[in-house]
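Reviewing the structure listed below.
We count ligands from 1, going down the list as the structure has it; atoms in each ligand are counted the same way.
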Amino acid sequence: MDNKISKIGVFTSGGDAPGMNAAIRATIRAAIYYNKEVYGIMRGYEGMIDNEIVKMGARSVGNILQRGGTILKTARSEMFRTKEGREKAYQNLKKCGIDALVAIGGDGSFTGLHKFYEEFNIPSICIPGTIDNDIAGTDYTIGFDTATNTAVEAIDRIRDTALSHNRLFFIEVMGRNSGYIAVNCGIAGGAVAVILPEETTSFDQLFTLLEKGGKTNKKSSLVVVAEGSKIGGASELAKMVAERSNYFDIKVTILGHMQRGGSPTYFDRVLASKMGVAAIEGLLAGKSDVMVGIRDNKMVYNEFNTIMTQTHEIDSEALRIAKILSI
Ligand code: ATP
């Protein structure tokens with residue numbers, strides 16, 4: 001292991017995701033296990049620029065494993081996109097003696113880290129933390145499992161009220177341009193249709209499906225819509241259906257930020273713990289400018305260029321199953 005590294009900085013960046021705390025804990029404890037000093041950088045790249053850097057110990061991360069959010073806070077930093085901002089961040093790290101970085105965030109955070117590495121040559125590793133599961137090179141990102149479980153629980157509750165009133169519900173879930181959350185919620189929540197950014201179900205096809213449900217005596221229908229849907233969000237689709245037919249009693253629920261909160265599932269806690277340890281072990285083995293991932297249940301390290309030139313394709317088997325089961 002590379003003993004040239006002595007002080008490691010860790011931070012969370014971009015959108016928050018449940019399980020980030022578990023990743024912070026694992027990173028910090030693994031660094032200490034390998035006799036390295038470790039610092040928490042508050043509010044991602046913003047805190048790096050504003051010099052909000054605190055020394056962490058094994059006990060600083062006690063009792064956070066099960067908590068949602070991130071104790072280090074997170075931010076999106078416009079300043080870090082500028083050369084001047086990154087220079088300021090570098091000077092602050094230098095003052096502290098930080099000679100390696102672990103970022104927990106999405107592909108934007110990894111892009112920032114890559115740029116910083118190219119400019120200042122600080123060994124750095126990214127851990128994928130985002131509910132969207134939209135990053136290539138890993139089967140799962142931290143937070144996806146919890147967010148999907150939260151959405152499914154909400155869908156179950158909506159189903160109770162939908163059934164009582166014979167209603168058609170359009171439920172919008174997060175995921176930005178990825179339909180991972182939507183398709184899995186669709187299957188687990190028994191949706192009549194899932195509308196995804198990756199797939200081109202037309203409005204006519206959707207309407208035909210809903211009409212068929214009406215004719216075959218479906219007591220209620222739930223349509224799960226990914227926020228990045230190309231044919232319209234939940235509100236737009238509901239309006240379009242209402243304009244074409246007055247048969248349906250239509251309601252819309254946009255789940256929104258509640259999907260980001262809450263205690264991480266066991267899966268996210270274990271994933272985050274594995275990724276935190278892998279990040280430190282990777283750094284100490286001389287790896288840099290890579291993102292930790294999990295592929296076929298094994299930890300892997302992905303080069304920046306590999307991640308950025310690929311997309312995490314939607315699970316086609318999940319799509320097929322959602323269609324078969326929606327009759
Ligand atoms: P999420 O997927 O949850 O949105 P993310 O990490 O992709 O997370 P972004 O807002 O895209 O979130 O990126 C986080 C931060 O990374 C940005 O606010 C910015 O400070 C930095 N960053 C992103 N792209 C660049 C870039 N090209 N150059 C420098 N910094 C960047």
Side-chain angles (χ1 to χ4, degrees), residues 9-21 23-24 41-52 68-70 72-90 92-93 101-122 124-138 140-148 150-151 173-182 197 226-228 255-261 264 268 271-272 275 279 289-293 302 304-305 307-312:
V10 55
F11 59 98
T12 47
S13 168
D16 63 311
M20 278 184 162
N21 277 330
I24 293 168
I41 301 166
M42 303 301 294
R43 298 190 302 116
Y45 295 120
E46 277 294 273
M48 211 183 274
I49 293 168
D50 294 343
N51 203 20
E52 288 176 49
T70 156
L72 296 179
K73 311 273 183 181
T74 184
R76 302 191 197 269
S77 171
E78 282 314 307
M79 257 307 262
F80 197 78
R81 292 178 186 272
T82 66
K83 178 86 181 110
E84 187 199 349
R86 293 193 296 275
E87 178 64 43
K88 210 166 161 212
Y90 174 67
N92 288 333
L93 296 183
L101 288 172
V102 175
I104 305 162
D107 54 356
S109 302
F110 192 19
T111 305
L113 197 67
H114 170 71
K115 224 166 190 166
F116 199 63
Y117 171 73
E118 281 192 329
E119 287 169 353
F120 302 104
N121 202 25
I122 292 192
S124 43
I125 288 196
C126 186
I127 295 175
T130 166
I131 65 166
D132 301 335
N133 207 26
D134 59 350
I135 304 182
T138 187
Y140 297 103
T141 56
I142 296 167
F144 162 72
D145 187 68
T146 306
T148 308
T150 303
V173 298
M174 280 187 160
R176 281 212 291 198
N177 296 319
S178 164
Y180 257 94
I181 294 180
E227 66 179 336
L255 296 184
H257 282 80
M258 59 103 77
Q259 291 160 96
R260 287 187 185 272
D268 273 330
L271 179 67
M275 286 183 166
D289 199 23
V290 293
M291 186 196 81
V292 176
N302 301 279
F304 175 78
N305 287 332
I307 302 289
M308 295 303 157
T309 52
Q310 291 174 6
T311 48
H312 192 191

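Distance check: Asn92 CG to Glu87 CD gives 10.5 Å after rounding to the nearest 0.5 Å. To the nearest 0.5 Å, atoms CD1 (Ile181) and OG1 (Thr148) are separated by 5.0 Å.
Of all atoms in ligand 1, numbered sequentially from 1 with element shown, those under 4.0 Å from a heavy atom of Arg176 are 1 (P), 2 (O), 4 (O), 7 (O). In summary, the atoms of ligand 1 found under 4.0 Å from a heavy atom of Thr130, numbered by their order in the structure, are 2 (O), 3 (O). Proximity to Ser13 (heavy-atom distance under 4.0 Å) selects the following atoms of ligand 1: 14 (C), 15 (C). For ligand 1, the atoms sitting less than 4.0 Å from at least one non-hydrogen atom of Tyr45 are 16 (O), 20 (O), 21 (C), numbered in the order shown with element in parentheses.
The closest protein non-hydrogen atom to atom 7 (O) of ligand 1 is Gly108 N, 2.9 Å. For atom 3 (O) of ligand 1, the closest non-hydrogen atom of the protein is Gly15 N, 3.1 Å. With respect to atom 9 (P) of ligand 1, the closest heavy atom belonging to the protein is Arg76 NH1, 3.4 Å. Of all protein heavy atoms, the one lying nearest to atom 19 (C) of ligand 1 is Ser77 O, 3.4 Å. Looking at atom 27 (N) of ligand 1, its nearest protein heavy atom turns out to be Thr111 CG2, 3.5 Å. When only non-hydrogen protein atoms are considered, atom 6 (O) of ligand 1 lies nearest to Ser109 OG, 2.5 Å. With respect to atom 28 (N) of ligand 1, the closest heavy atom belonging to the protein is Lys115 CD, 3.5 Å. In this structure, atom 25 (C) of ligand 1 lies nearest to the protein heavy atom Arg81 NH1, 3.6 Å.
For Asn21 (side chain) and Gly68 (main-chain N/O), a donor-acceptor pair under 3.5 Å exists by modelled atom type. In terms of modelled atom types and a separation under 3.5 Å, the side chain of Gln259 and the main chain of Gly256 share a donor-acceptor contact. Panel note: side chain Asn302, backbone Met291; a donor-acceptor pair is recorded below 3.5 Å.
Considering backbone and side-chain atoms together, Asp132 places no N or O closer than 3.5 Å to any N or O of ligand 1. An N or O contact shorter than 3.5 Å is missing between Gly105 and ligand 1 by distance. Ligand 1 has a nitrogen or oxygen under 3.5 angstrom from a nitrogen or oxygen of Gly106.
A salt bridge between Glu118 and Lys115 is absent, with no side-chain N of the basic residue lying under 4.0 Å from a carboxylate O of the acidic one.
Within the 4.5 Å cutoff, the side chain of Glu119 has no heavy atoms near those of the Tyr90 side chain. Side chains of Leu93 and Ile122 form a contact here, defined as non-hydrogen atoms less than 4.5 Å apart.
With sequence neighbours left out, the side chain to side chain contact (heavy atoms under 4.5 Å, CB included) criterion links Arg43 to Glu46, Asp50, Glu52, Lys73, Ala75. Considering only residues two or more places apart in sequence or on other chains, Asn177 meets the side chain to side chain contact (heavy atoms under 4.5 Å, CB included) condition with none of them.
Within the 4.0 Å heavy-atom criterion, both parts of Phe80, backbone and side chain, lie near ligand 1.
For the residue pair His114 / Asp289, a side-chain donor-acceptor distance below 3.5 Å is found, with atom types taken as modelled.
Atom 31 (C) of ligand 1 has its nearest heavy-atom neighbour, among Cys126, Gly129, Gly112, in Gly112.
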